[in-house]
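The analysis underlying the following values was restricted to heavy atoms, covering all of them including side chains, and did not include hydrogens, waters or symmetry mates.
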Amino acid sequence: QDTAGITLTADSSTVVTLTIKPGTGARGAVLTCDQTQGGVASTRVLSGTATFSGCAIDRPGAGYVLVATAAGLPLFETAPFNVTLAGDTNGDGRVSIADYSLVVTHFGKSMASADWRDATTRPWRADLDGDEAVDVVDHSIAVTRFGTSTTVAVAPSDPSAGP
């Protein structure tokens with residue numbers, strides 16, 4: 001399906017491949033998904049939709065763009081997004097008390113919370129596993145990653161902004 005929701009193909013023989021657009025994100029970054037085989041993330045279309053799950057990018061960086069391609073169909077690019085160090089809620093390149101504090105402050109909130117999109121308190125940044133809720137998993141990520149750092153510091157993307 002394209003961005004307007006129009007089904008481009010509904011057959012089950014079309015294979016869609018997902019890659020990092022060259023020149024975006026961190027140099028040499030690798031994308032892996034549950035559907036990755038032989039270093040290539042690809043899946044077959046089912047009822048007009050190609051679904052990828054469990055995707056991860058191995059290096060923090062700013063401005064990543066993913067590209068979905070399939071033979072005979074136009075390519076699709078995501079909006080640019082940033083990849084941060086797991087647990088780094090504020091983009092300073094380390095997991096510290098500031099990150100843990102944000103998780104504790106927003107614990108129990110979800111996308112349904114009235115202030116989820118508040119640009120001043122940024123509760124979505126405490127959602128470390130991307131499930132649109134700040135829960136025990138996010139707490140665990142902040143605790144187990146506490147004290148880690150990277151030389152790459154980028155601000156987390158705002159998932160509430162949409163593609």
Exercise. Using atom types as modelled and distance alone, determine if a side-chain donor or acceptor of Arg44 lies under 3.5 Å from a backbone N or O of Ala50.
Key: no

Quiz item: For the residue pair Leu85 and Ser149, what are the closest heavy atoms and their distance?
Solution: CD2-CA, 3.7 Å

Quiz prompt | Nearest-0.5 Å distance that lies between atom CG in Leu128 and atom CG in Asp135 | solution = 9.5 Å

Quiz prompt | Ala68 to Val16 - nearest heavy-atom pair and separation | solution = CB-CG1, 3.9 Å

Quiz prompt | Heavy-atom pair with the smallest gap, counting every atom of Thr36 and Ala41 | solution = OG1-CB, 3.5 Å

Quiz item: What distance separates Thr32 OG1 from Gln37 CD, expressed to the nearest 0.5 Å?
Solution: 13.0 Å

Quiz item: Val143 versus Ile141: any side-chain heavy-atom pair under 4.5 Å?
Solution: no

Exercise. Please report the closest heavy-atom contact between Trp116 and Asp127, naming both atoms and the distance.
Key: CH2-CB, 3.8 Å

Exercise. Start with the C-alpha distance between Ser42 and Gln35, add both sets of side-chain angles, then the distance that settles side chain to side chain donor-acceptor pair (under 3.5 Å), and finish with yes or no.
Key: CA-CA 6 Å; Ser42 62; Gln35 298 75 19; over 6 Å; no

Practice problem: Check for a donor-acceptor pair, side chain of Asp99 on one end and backbone N or O of Val103 on the other, with a separation under 3.5 Å. | Solution: no

Quiz item: Would you say the side chain of Arg122 lies within less than 4.5 Å of the side chain of Arg117, judging by non-hydrogen atoms?
Solution: no

Practice problem: For Leu31 and Cys55, work out which heavy atoms get closest and say how close. | Solution: CD1-CB, 4.2 Å

Exercise. Using a 4.5 Å cut-off on heavy atoms from C-beta on, say whether the side chain of Leu66 contacts that of Phe76.
Key: no

Quiz item: Would you say Phe52 and Asp34 make side-chain contact, with heavy atoms under 4.5 Å?
Solution: no

Self-check item: Within-4.5 Å side-chain heavy-atom neighbours: Leu46 and Thr51
Solution: no

Exercise. Evaluate the side-chain proximity of Arg59 to Tyr64: yes if any heavy-atom separation is below 4.5 Å, no if none is.
Key: yes

Practice problem: Could you tell me which non-hydrogen atom of Leu102 sits nearest to which non-hydrogen atom of Thr121, and how far apart they are? | Solution: CD1-O, 3.8 Å

Practice problem: Determine whether Leu18 and Cys33 make a side-chain contact, defined as any pair of heavy atoms from C-beta on separated by less than 4.5 Å. | Solution: yes

Quiz prompt | ring-ring contact (aromatic ring centres under 6.0 Å, His included) against Tyr100, all qualifying residues, sequence neighbours excluded | solution = His139

Practice problem: For Thr105 and Ser101, indicate whether the former's side chain and the latter's backbone hold a donor-acceptor pair under 3.5 Å. | Solution: yes

Quiz item: What's the verdict on salt bridge (charged side-chain N to carboxylate O under 4.0 Å, His left out) for Lys109 and Asp115, showing C-alpha distance, side-chain angles and the deciding distance?
Solution: CA-CA 9 Å; Lys109 292 185 180 178; Asp115 66 343; 2.6 Å; yes

Self-check item: Thr17 side chain near Val40 side chain, heavy-atom distance below 4.5 Å
Solution: yes

Practice problem: Please answer whether the main-chain N or O of Val65 pairs with a side-chain N or O of Thr24 as donor and acceptor at a distance below 3.5 Å. | Solution: yes

Self-check item: Asp88 side chain to Val95 backbone, donor-acceptor under 3.5 Å
Solution: no

